[in-house]
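Chain letters run A, B, ... following the sequence lines, proteins first and then strands; every chain starts at 1.
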Amino acid sequence: MLALDPETPIAYHRINSILRRATRTKDMPMQRYDAPSIEAKWQEAWSAAETFKAVRDPSKPKYYVLEMFPYPSGRIHMGHVRNYTMGDVIARYKMSTGHNVLHPMGWDAFGMPAENAAMAIGGHPKDWTYNNIADMREQMKPLGLSIDWSREFATCDVEYYGQQQALFLDFLDEGLVYRKNAVVNWDPVDMTVLANEQVEAGRGWRSGALVERRELTQWFFKISDHSDELLSALDDLDNWPAKVKLMQENWIGKSRGLQFAFSTIDAPDGHDRIEVYTTRPDTLNGASFVGISPDHPLAKQLEKDNADLAAFNEDCRQGGTTAEAIETAEKKGYDTGLRVRHPFDTAWELPVYIANFILMDYGTGAIFGCPAHDERDFEFATKYGLPITSTYLPSEESSPKLEEAYVPAKTEKVFYNGGFAGAQWQTGNEAINAAIAFCEENGIGQGVTKYRLRDWGLSRQRYWGCPIPVVHCSTCGVVPEKKENLPIELPYDVTFDTPGNPLDRHPTWRNCNCPNCGSPAQRETDTMDTFVDSSWYFARFTSPDADTPVNMADAEYWMNVDQYIGGIEHAILHLLYSRFFARAMQITGNLPAKAIEPFDALFTQGMVTHAIYKSEGDNGRPVYHYPEQVDLKDGKAFLKDGGAEVEVIPSAKMSKSKNNVVDPLNIISAFGADTARWFVLSDSPPERDVEWTASGAEASFKHLGRVWSICHRVSQMDPNTKGDGDENLLREMHKAIRDVTLGVESFGFNAAIAKLYGFTNTLAKSKASHSAQRQAVMTLAQLMAPMTPHLAEDIWAHQGGEGLIIDAPWPTPDEAMLVESNVTLPIQINGKRRGEITVPKDMPKEEVEKIALSDEAVIRTLDGATPKKVIVVPGRIVNVVV
RNA sequence: GCCCAAGUGGCGGAAUGGUAGACGCAGGGGAUUCAAAAUCCCCCGCCUUAACGGGUGUGCCGGUUCGAGUCCGGCCUUGGGUACCA
């Protein structure tokens, strides 16, 4: 049975020789699972048959599966293996269910690490990046992924970023891009802009200087114009995780509130009003102070003749730009001495404070503080001795004197002791609406809808990114480059020996002629945020060689991405920006309307973690040791060199800087790709983190070896062998088909693998006939094929399967074989399990109850007590209540 | 600070509101072997019991329910994001 029938029609003539090699094992039977030769052989077979080349074919349903493309750090890690294996399982499964599958791969290749490497170790970011890509591609290929490598590209390819520049010009044309001032982290020593991650505890990572917030003119995408659309369209993303949609919803942050003004008393000219936006106008009677941002125009005006105040503002502007840094800083205020009148009562005056926690970016940069119903305001009021006046209470009897801010849910009914609109007892939401209506009627303010989402600043003062294709002309101003002049290519001759953007100091690159008037002009030296690169790569994969950003016919066929897979860390920015880009590309005629939501289904997978081994170096700095440098004893770790004990930090995200990275290549060379793939799928649910353990990988290898020898044994059987238990084996086989199919379709890979273990155990013990066992083995191979494709192909060939297993149709379970006639019901007494009975599946409740109550263990436990109630859940459980 | 998750044996984890711990690892015992490796079989939450059994148990506190790992409220811890890491 080992040999292929020479008459077997094989569709792929080019792989005949490879298949023949596989059958040659009849003459020289391999006694052991030999992963390296199996894997090389089948990768060659797939490559020869061009199995994974995606070609438009309107006669087949298409399926586009995409994993978030990697940053080319130079080494693949287990996180990549996990990510791409999951996508591969889906891709291969879909191929065997008759789909025309697109499964591409590329590189998110611009970004800071390349420049950091150039600064740290010399060399050029371009060389570093392309070398890394070549290395990583070579590391990825042995995994046997079903990728169409002919579509590969890197975002730093000039063919890609040139098209991105064309997109930018289209967006600019359509009014989707504009310039405005925004704050950046400024390192006053290195005289350069820092990324947030380059600011450590308020200081520049290289210079150690205190970082300042400084304003620069920057390019922005008008994503905020699409806030409401991006929000409401979330409702239709049925196959996205609810948590991601919720995070995006909160990020967009739609709110209904009141915009109104406090009139000032004796304020500088032009500042007779302070505009305020509040989502809690119902608490206006609890107002205690007005707070403005240190960057508010009034604050800046006051700076001019108040050195003390100017120093306070200066102090507030120190530190990084992140919301986290600003909001976790100690709350500080400065009493400007100015006062404003309360809109309800002109005799009621409130002080105006500058406060460091108020962001100029959100709302109007000014708030009114209501300490009774806001924890931050409460803290502030307590610190500066400001009044705390409640406007609502939990009950009429509650004391209006508060020990802490009272902040109930807006859906909760509360008693308004300081209300001015609506009922005395009402929910926060009711009160807010009533307050807005009241203020509108009385000409105090206006109900407005605001969004937290800010426009997307895309300017980066860095070299290794896509140049922004505009020109600065002394007569024409900011002028878009002409499309025929694209691509604006990055110059290669740059150095990284001094901080700052090399494009700024390049002797000639900046010089150009104004596309408008032709006079000498200068290029923009800002490059684009790398999120721009990753916001449309999925569309480019449908036509990677097109001389426009996207070929519409290809996009029309392949879009949308049917299954997108990536890390939860991209839940907000990358995915929101991509959703915006799909809209902007549609507006500018670069994507068909059907692709407005580019990702039909999203799956967010967890990280691969590994213990960190840490000790302290001579200079007090932490030293991280590689796993292969330590010995483990009783949960403790000791250095192989010297035996000193090191600290073990369990389950940490694998990170190059922490040296806790397990190199997939070592695993593949020791056990094979199928083992690595099997392990990353088997041990944890895919949305959760998985801890890499050496013993787990070994166990996977042993299991695959066991599967191989079972199949080998079956292939050695006499085809006429009769046996017992055929029906039982085939029943288990059909159950396995059902469960594994469900597992693969629902991303329950670990559960699917548990079923495969179970089915393998059944098969191993089976004494069934050869024909039944062969059927079971071939089905097992098919069910394993998406996960361990090489082993599956090998088994298939050994059993005389037709062609490649990847081309064989996915098995379907026989419903008749899945029906069980009896069920075992546990019997509970007062919710505790006391016994069990086995009854026919469709026995009426009354009879089940009778049998349950006559069960020996039940009678013993009841001990004469009369049941008050018996609950029979058919097919599930019986609960006797006494 | 704010937003979103997660927390179950020694470990990874399983469980449409219905027998908590499937499956795997580690561990223990046994078979095979001159011996080992490999393989195969059995046991394996904790406490208690000679045993049958009983008690207890899903981060903590409380609630809903005949019944809660699962639903609700409040915490704790860990992780992700927080707009220039990708």
Students often get this wrong, so: under 4.0 angstrom with heavy atoms, is A:F531 touching a base, only sugar-phosphate, or nothing? base
Which residues pass the side chain to side chain contact (heavy atoms under 4.5 Å, CB included) test with A:K702, sequence neighbours left out? none
So does A:N750 get a side-chain nitrogen or oxygen closer than 4.0 Å to the phosphate oxygens (OP1/OP2) of B:G24? no
So A:R82 and A:E67, salt bridge (Lys or Arg N to Asp or Glu O under 4.0 Å) or not? Walk me through it. CA-CA 10 Å; A:R82 194 176 188 218; A:E67 305 95 28; over 6 Å; no
Per-nucleotide protein contact along nucleotides 2-10 of chain B, 5' to 3', at a 4.0 Å heavy-atom cut-off (B base, S sugar-phosphate only, - neither), is -SSS-S---
Considering residues at least two apart in sequence or located in another chain, which fulfil the side chain to side chain contact (heavy atoms under 4.5 Å, CB included) criterion with A:E404? none
Can you pull every protein N or O that's under 3.5 Å from an N or O on nucleotides 49-57 of chain B?
unit_1: B:G55; atom_1: OP2; unit_2: A:R834; atom_2: NH1; d: 3.3

Output all residues satisfying ring-ring contact (aromatic ring centres under 6.0 Å, His included) with A:F759, sequence neighbours left out; order by chain, then residue number. none
Under 4.0 Å from OP1 or OP2 of B:U82: is there any side-chain N or O of A:T322 that close? no
Could you work out, with ring-ring contact (aromatic ring centres under 6.0 Å, His included) as the rule, every residue matching A:H703, not counting sequence neighbours? A:W678, A:Y757
Mind checking which stems touch RNA chain B? I mean at least 3 consecutive Watson-Crick or G-U pairs, both distances under 3.5 Å. B:1-7 with B:76-82, B:10-12 with B:23-25, B:27-31 with B:39-43, B:45-48 with B:53-56, B:59-63 with B:71-75
Glycosidic class, syn or anti, of B:G9 using a 90° window around 0: syn
Contacts of A:I859 that satisfy side chain to side chain contact (heavy atoms under 4.5 Å, CB included) - sequence neighbours left out: none
Closest of B:G1, B:A86, B:G13 to the A:P685 side chain is B:G13
Contacts of A:F69 meeting ring-ring contact (aromatic ring centres under 6.0 Å, His included) (sequence neighbours excluded), chain-then-number -> A:Y537
Return whichever of A:N196 or A:N761 has its heavy-atom-nearest nucleotide of RNA chain B closer to the 5' end. A:N761
Mind checking whether A:W536 and A:Y160 have parallel, tilted or perpendicular rings, split at 30° and 60°? parallel
Mind listing the N/O atom pairs, protein and nucleotides 38-44 of chain B, below 3.5 Å?
unit_1: B:C40; atom_1: OP1; unit_2: A:R706; atom_2: NE; d: 2.8

Report the residues that fulfil ring-ring contact (aromatic ring centres under 6.0 Å, His included) with A:F603, sequence neighbours left out, ordered by chain and then residue number. A:F747
Just to be sure I understand the rule, does A:V184 reach a base, reach only the sugar-phosphate, or reach nothing, if contact means heavy atoms closer than 4.0 Å? base
Any sub-3.5 Å donor-acceptor pair from A:N501's side-chain atoms to A:T525's backbone N or O? yes
Contacts under 3.5 Å, N or O only, protein and nucleotides 17-20 of chain B:
unit_1: B:G18; atom_1: N2; unit_2: A:N879; atom_2: ND2; d: 3.4
unit_1: B:U19; atom_1: O2; unit_2: A:R833; atom_2: NE; d: 2.7
unit_1: B:U19; atom_1: O2; unit_2: A:R833; atom_2: NH2; d: 3.2

Output for pair (A:N356 CG, A:I358 CD1), nearest 0.5 Å, gives 8.5 Å
